[in-house]
Every structure is written in C-alpha cells, then in structure tokens.
Amino acid sequence: MRRRLLAALVALSMVAATPPSLRVGHLTLARCSGVEAWCGTLERPLDPTGRVPGTIGIHFEYYPATGPRTGTLVAAEGGPGYPSTGSRAEYLALFAPLRATRDLVLMDDRGTGGSGAIDCAPLQRADAIGLALIDDCGARLGERAPLYSTSYAADDLEAILAALDAGPIDLYGDSYGTFFAQMFAVRHPGRLRSLTLDGAYPLDGPDLAWWPNYAPAMRDKFNRACERDPVCAMLPGWSLLHIAPALAALREQPHDARAFDADGAEQRFRADAAALAIVMFGAAPAYATLRETDAAARAYATGDHAPLERLMAEARSAVLQSDAAHAPELFSQGLAVAVMCQDAPQVFDMRLPPESRRLARDAAFAARRASAPASYAPFTLDEYRRMPPDYAFIEQCVGWPAHSPAHPSAYQVAAERGFPDIPVLVVSGELDNMTSVADAELAARQYRHARHLVLANSLHVNALPHARSTCGAELVRRFVATLDPGDTRCTGAIDALRLALPFVRASRYVTAAEALPGNRVDAEGLKLAAAALATAGDLFGRLLANGSGHGVGLRGGTFTVRTTGTVLAATLADVRWVEDVAVSGALEFQAGADSGSAELRFTASDGRRGEFHAAWPAGGPAARARLTGTVEGRTLNAEARAP
C-alpha cells in the first residue's frame, strides 16, 4: 500500500511540475492534447497580397531538444493533402538519435490538418474522383483557390520559425514534401543549414507537364523486379511481355467486377485496361502491386481472374487517399487539387478561362497522340486518362479557376529566384515510379552541392520506418549531423524483392516443399504444406496496406491484423489461397527485412490435415523457409521458397 501511495504521489508531483505553457521565442505554446509536444497556432494572412481579406491559423507542434540545443529539425509531409503532424511517429523515429541537441518542428500546411483543412464535401466524400467534382471544389473555393499554394505554405513555415527564434534549420521532405522543401529553399535560403529530399519531385526539366518519366520508371520497376526473382526470371521475355496478354484480354472483354481490398471491404469496379493502369502506375499498395502483378496477369490470361481483380480493388481503394470517415483533417482532397492546380505544370495555359482551356486540352491531346503515342506504354493515352485524374495528372485542373498574375505558380517562382547554394541530399528508391530516379536527378542538378543516392531494390520514400531497409534513415541522419552521408555502401546491399509465386487454383499445381532428412510426408502432403505456406505469404502485401484490422483471403476465409512497429502480425481463419486448402493459425512478418515465422494448421478438401511451424530469414528471392511439424501424423521436415 505504501509503495502504491508513494508512486501516486510521485505521479502527481510530475503532473504539478509540468508547466501549462512554454515560452519559445515570441510565442507561448500549450501542451498538445494526447501528444508529448507543445502546440501552437500562428495567425497568418489568408492572402498575402491583401486582395482577399481574412486570416488562417497555422498549426504546428514543437518538440524541444532533450539536451543542450544546437539546431532545429523540420519535417514536411507528402500528399499533398496530408498534415505533417499526422506522421509525427515516423518523423520522431527517424530523428530520435538527433533530438538530444535539436528541436523538431512539424507544421500542418495551410488547408491541411489543424491549419484550416479544406473540406470540399462532395469531393472529400466521393467514392471515385472525377473532373466534375474537382471543378465543383474549385468553384466553392473561388477567389481563395490560389491561396493554398506551396509558396504561401513555405512562407507560413518561415513565419513560425522566425517567431520561435529558430536559427538555420535542417529541412527534410518526403514525396510532395520534397516539393514543399524546395519551394522553402527557393524563398528562404538563408534559413537553411541543409536540405534532404526523400523521393524528390523536380522543379525544373523538359516536358514536365506530361510527366515524361512516369511510364519509363513504371516499366523498369516491373522488368527489374522480375529479372532479379529466380521464378519470374525463368519465364521467357521481360515482365511487361508477361503482362501483355492480360492487358489484351481486358481490352477485348472489359467487364464489371467485384473483389475485396486490403481492408476487407468489397469494391465494385470496371475491370478494363484503365483498372490495370491504376495498379501499375499507382503503385498502391506498393508491395502488393510490385510483388504480384506479373503473376496475377499471367493467371488472368489463363482464366483465373481473382488475383488480378483483387489487385484492382486494392489499388482503387488505395489511390483514393482517404480514411473511412473521409475526414479532411486526416487527408484533404480539396487541398490536394488546390496545390496541384496552382503549382504543378499543366498541358494547357491555366490563365485561360475553363472553356478555352478545354479546347486547348483537346488540341494538346491530339498533338500528343500524333507525336508521342507511346508516352504511357503499354497503355494508350486514352487508357491512361481513364485513371483517376489525381493519378493521371494531366487534366485534373482543366475546369479549375483561372490563374491570377497576383499568385504565380511554384514553377514560375523557382525560375525567377533560382536555387540556393546549400548542402543537399537526395535519396531515391530504384523501383520508385511515383518520384523516379530520373525525376530526382533533375532535382539534384539544381543544386551545386547536391548528393543523389539511389537505394537498390527500394520503393517510394526510404528514410522512414516503413522503408525496405534502414539504409536511407542511416544516411539521412549522418547527413543532417555532419553534412556528409558518410559510407554509402548500404545503398547497393538491399535485397531484391521476392515476387509472388505463380497463382494456381488447386494444390496439385503447387511446387512441393523439398523433403529434408527425417521427413516422412509424401509428395502430395509436401504440396499441401507448400500451399499452406504460400497462403501465409499471400497476406504480406495485405498486412502492409491494412488499416481496418481485418481482411479476406484470396479465395475465402478471413484474417485479423495486429501491427507493432515494423512487425506485422495476423491470425488466419480458414484462409484459402488455393481452393482446396483452408489455412488457420498465426504469422508474423518483419517488414523491411522480409523475414518472418508462422504457426499454421491446414485442412485439405479431401480431409487431409497438417500443422507446422515455418520460419524464414531475410535474404531476398533466394531465402528459404524451414517447415517442421506433421501431416496426417507423419513427421514433416522440409524447406520451400520463403513466402
């Protein structure tokens, strides 16, 4: 009792000792609700030119250095549309080793999170984004439409840093955050000690309005992944040739389809060439689309539609970029289109009125069909255009309010001001088609002292905890600490991704596990065990993308999900990857390392049963899983390709 009382008194004293506010520079900050940080809101002019009256409160979080302060870190989130404070856990993890001597500031860009998140209700709550909904959002914003530009958001950050009396900062941006970070560098070069761009968009380059590096990077991604996977590489031709028959079938016989997404929600959609384009260009969910598209397309061409249609459902759900509640504070679709229409290059003149712009668009598309018909190969320009407009990019702003000379685009500002001479680190994923290596190289060339590092076999954004390795985080931390990334050999030491096994409907078509000394299970039993292991492996991409806590197997059954840090765990209940084997049990994946373990039980349609433990190390496509247990009471001791 005395021990409990003492503990309670200590806790009360700590609460009493925690001040209700903190004075930093010229600002008084309050304790954030539910977050170990200090929160502030700085009132800023909505329109810096003064033409539109009113102010907007810019929300930020301040994390003081845990020891003597020597500098300030700032992290900028991607999207656009996501608030930086929504990714605080990832940024705190990235910068944890540096926070002893550095403050951390996270600002929600104007129009996101706690900074007046834009809520264009019809667009925000739509199941599918269309041009009419984007036009409606522009009409709702009216004269406010250009006031959510990246330029003004960058100025908001400068105002906050000045009010905090922050000195030169180390600025990190990921995805769209690299665009924001570069605009900040262009507008406020004196505030920067260093700049880190993780998955970079360029602010200058040829033909940018047509996203010229998007399709080549997509094609390279699938082809390279296949070349490095022993199962896929044994097939004749490159990956795009493997996928071509499915694309031809979808063109010839498009149809209505339905399948479950990674959260276990049923999606209804049109299975056609555009749906496949979303899978291949959208790169969402990233692991599932890259691991499975080749095998799923091959299955589709043989009449097994389930694997590819599942990817279509998952991609369709993922590219909406919205949470189940459609809350604009978590992701603002309105802000996303406002930024893209104000700042991104367009294939038409945004100064024209919408009706003239549509004519200009049609003329530009006709010219593109004639001059560069393979711009988005293997898809036609028209198939590409049928993707959601915020992923096709090239016409989402055709009906947006016309640009005003008073509010220049980010590209115009960058061209006029130039790029500062500061230390810059650019980090790219070799298999990233959203912010390709070619795009990142264009960005790096703008800075005299930029270092561009490409991480082998890696995807989009590579310094945060969800990346395929810790290499990116280590390089970024060293660069911020010393202005030199140091030893960069880890960039080439990241294992290739294991691609999905061929999709089959029955266990008799599965490659049997390989018997080891002491095994007493026959060939059919080894096929059943391999099918059960493949069932567990099939969940890998689902777990990485799952946000609901539950999901549905490819051919039936259910699973629940529990994620702790980088460990992905699932409990299976009669999950079927093939039609004749139901699998239950539990599994864990170590994300990034692609290693894991499982305790599985299976029942085949003929009544045969088995249970076994499986474990597999990191090691890329060559990794092997060890299976130990019983099948029909007989000792199982075997190995198979890691899932």
Side-chain angles (χ1 to χ4, degrees), residues 229-231 234 291 295 299 304 306-307 498-540 542-543 551-560 567-590 593-643:
D229 180 89
V231 175
M234 288 177 63
R291 274 170 52 96
D304 182 7
R498 283 193 299 276
L499 301 191
L501 291 170
F503 287 100
V504 293
R505 284 177 164 166
S507 60
R508 66 180 179 273
Y509 301 118
V510 175
T511 300
E514 180 182 338
L516 296 176
N519 177 73
R520 296 292 182 266
V521 176
D522 62 13
E524 184 177 354
L526 291 172
K527 283 180 175 286
L528 294 174
L533 180 65
T535 303
D538 186 61
L539 298 190
F540 179 60
R542 269 78 264 160
L543 302 191
V552 177
L554 175 63
R555 306 187 200 276
T558 60
F559 60 89
T560 56
V567 177
L568 311 171
T571 301
L572 292 69
D574 293 329
V575 175
R576 294 176 183 267
W577 180 70
V578 291
E579 294 167 351
D580 60 337
V581 180
V583 182
S584 299
L587 65 89
E588 287 189 353
F589 285 107
Q590 179 64 53
D594 297 344
S595 60
S597 63
E599 300 289 341
L600 302 176
R601 305 181 305 278
F602 68 82
T603 302
S605 58
D606 64 2
R608 299 187 72 178
R609 298 174 181 271
E611 56 183 291
F612 61 90
H613 169 79
W616 55 95
R624 304 284 287 175
R626 180 74 180 274
L627 285 59
T628 55
T630 61
V631 176
E632 290 292 285
R634 297 178 179 177
T635 300
L636 170 67
N637 188 29
E639 68 174 20
R641 174 185 162 102

Item to check | Atom CD of E611 with >12 non-hydrogen neighbours under 6.0 angstrom | outcome: no
Can you list, pair by pair, the side-chain donor-acceptor contacts under 3.5 Å of residues 501-511, counting residues two or more places apart and other chains?
unit_1 : atom_1 : unit_2 : atom_2 : d
R505   : NH2    : G303   : O      : 3.3
S507   : OG     : D580   : OD2    : 2.8

Next on the checklist: If you define the side chain from C-beta out and look only at heavy atoms, does anything of T535 sit under 4.5 Å from V581?
Outcome noted: no
Checklist entry - Are side-chain heavy atoms of V578 and L554 found at a separation under 4.5 Å? => result no
Checklist entry - If you look at every heavy atom in P643 and A625, which pair is closest and at what distance? => result CD-CB, 4.3 Å
Item to check | Non-neighbouring partners of A582 that pass side-chain contact (heavy atoms from CB on, under 4.5 Å), sequence neighbours left out | outcome: D574, R576
Next on the checklist: Any non-hydrogen side-chain atom of W616 less than 4.5 Å from a side-chain atom of L533?
Outcome noted: yes
Checklist entry - Any idea which heavy atoms bring A586 and L600 closest together, and the distance? => result O-CD2, 4.1 Å
Checklist entry - Does R641 have any side chain to side chain donor-acceptor pair (under 3.5 Å) partners at least two apart in sequence or in another chain, and if so, which? => result D229
Item to check | Partner set under side-chain contact (heavy atoms from CB on, under 4.5 Å) for A573, not counting sequence neighbours | outcome: T558
Item to check | L636 side, atom CG; L526 side, atom CG - distance, nearest 0.5 Å | outcome: 6.5 Å
Checklist entry - Got a sec, which pairs hit ring-ring contact (aromatic ring centres under 6.0 Å, His included) with one end in residues 622-643, sequence neighbours left out? => result none
Checklist entry - R601: what forms a side chain to side chain donor-acceptor pair (under 3.5 Å) with it, not counting sequence neighbours? => result none
Checklist entry - Can you name the closest pair of heavy atoms from L587 and A536 and give their distance? => result CD2-CB, 3.5 Å
Next on the checklist: Between L499 and P621, is there a side-chain heavy-atom distance shorter than 4.5 Å?
Outcome noted: no
Item to check | Closest approach of V552 to F559 (non-hydrogen atoms, all atoms of both residues) | outcome: N-CE2, 3.4 Å
Checklist outcome for this item: By salt bridge (charged side-chain N to carboxylate O under 4.0 Å, His left out), E524 pairs with (sequence neighbours left out) R608
Next on the checklist: Does any part of the side chain of W577, heavy atoms only, come nearer than 4.5 Å to the side chain of L539, both counted from C-beta?
Outcome noted: no
Next on the checklist: Looking at every non-hydrogen atom in both residues, tell me the closest pair between R498 and P617 and how far apart they are.
Outcome noted: NH1-O, 4.3 Å
Checklist outcome for this item: So the salt bridge (charged side-chain N to carboxylate O under 4.0 Å, His left out) pairs with at least one residue in residues 619-635 (sequence neighbours excluded) are E514-R624, R624-E639
Item to check | Check: N637 main-chain N/O paired with N519 side-chain donor or acceptor under 3.5 Å | outcome: yes
Checklist entry - Any idea which heavy atoms bring D304 and P307 closest together, and the distance? => result OD1-CD, 3.5 Å
Next on the checklist: Per the salt bridge (charged side-chain N to carboxylate O under 4.0 Å, His left out) rule, what does the pair list look like for residues 528-539, sequence neighbours excluded?
Outcome noted: R310-D538, D538-R542
Checklist entry - Residues in side chain to side chain donor-acceptor pair (under 3.5 Å) with S595, at least two apart? => result none
Item to check | Set of side chain to side chain donor-acceptor pair (under 3.5 Å) partners for Q590, sequence neighbours left out | outcome: T566
Next on the checklist: My understanding is that only residues two or more places apart in sequence, or in another chain, count here; which of them pass ring-ring contact (aromatic ring centres under 6.0 Å, His included) with F540?
Outcome noted: Y287, F589
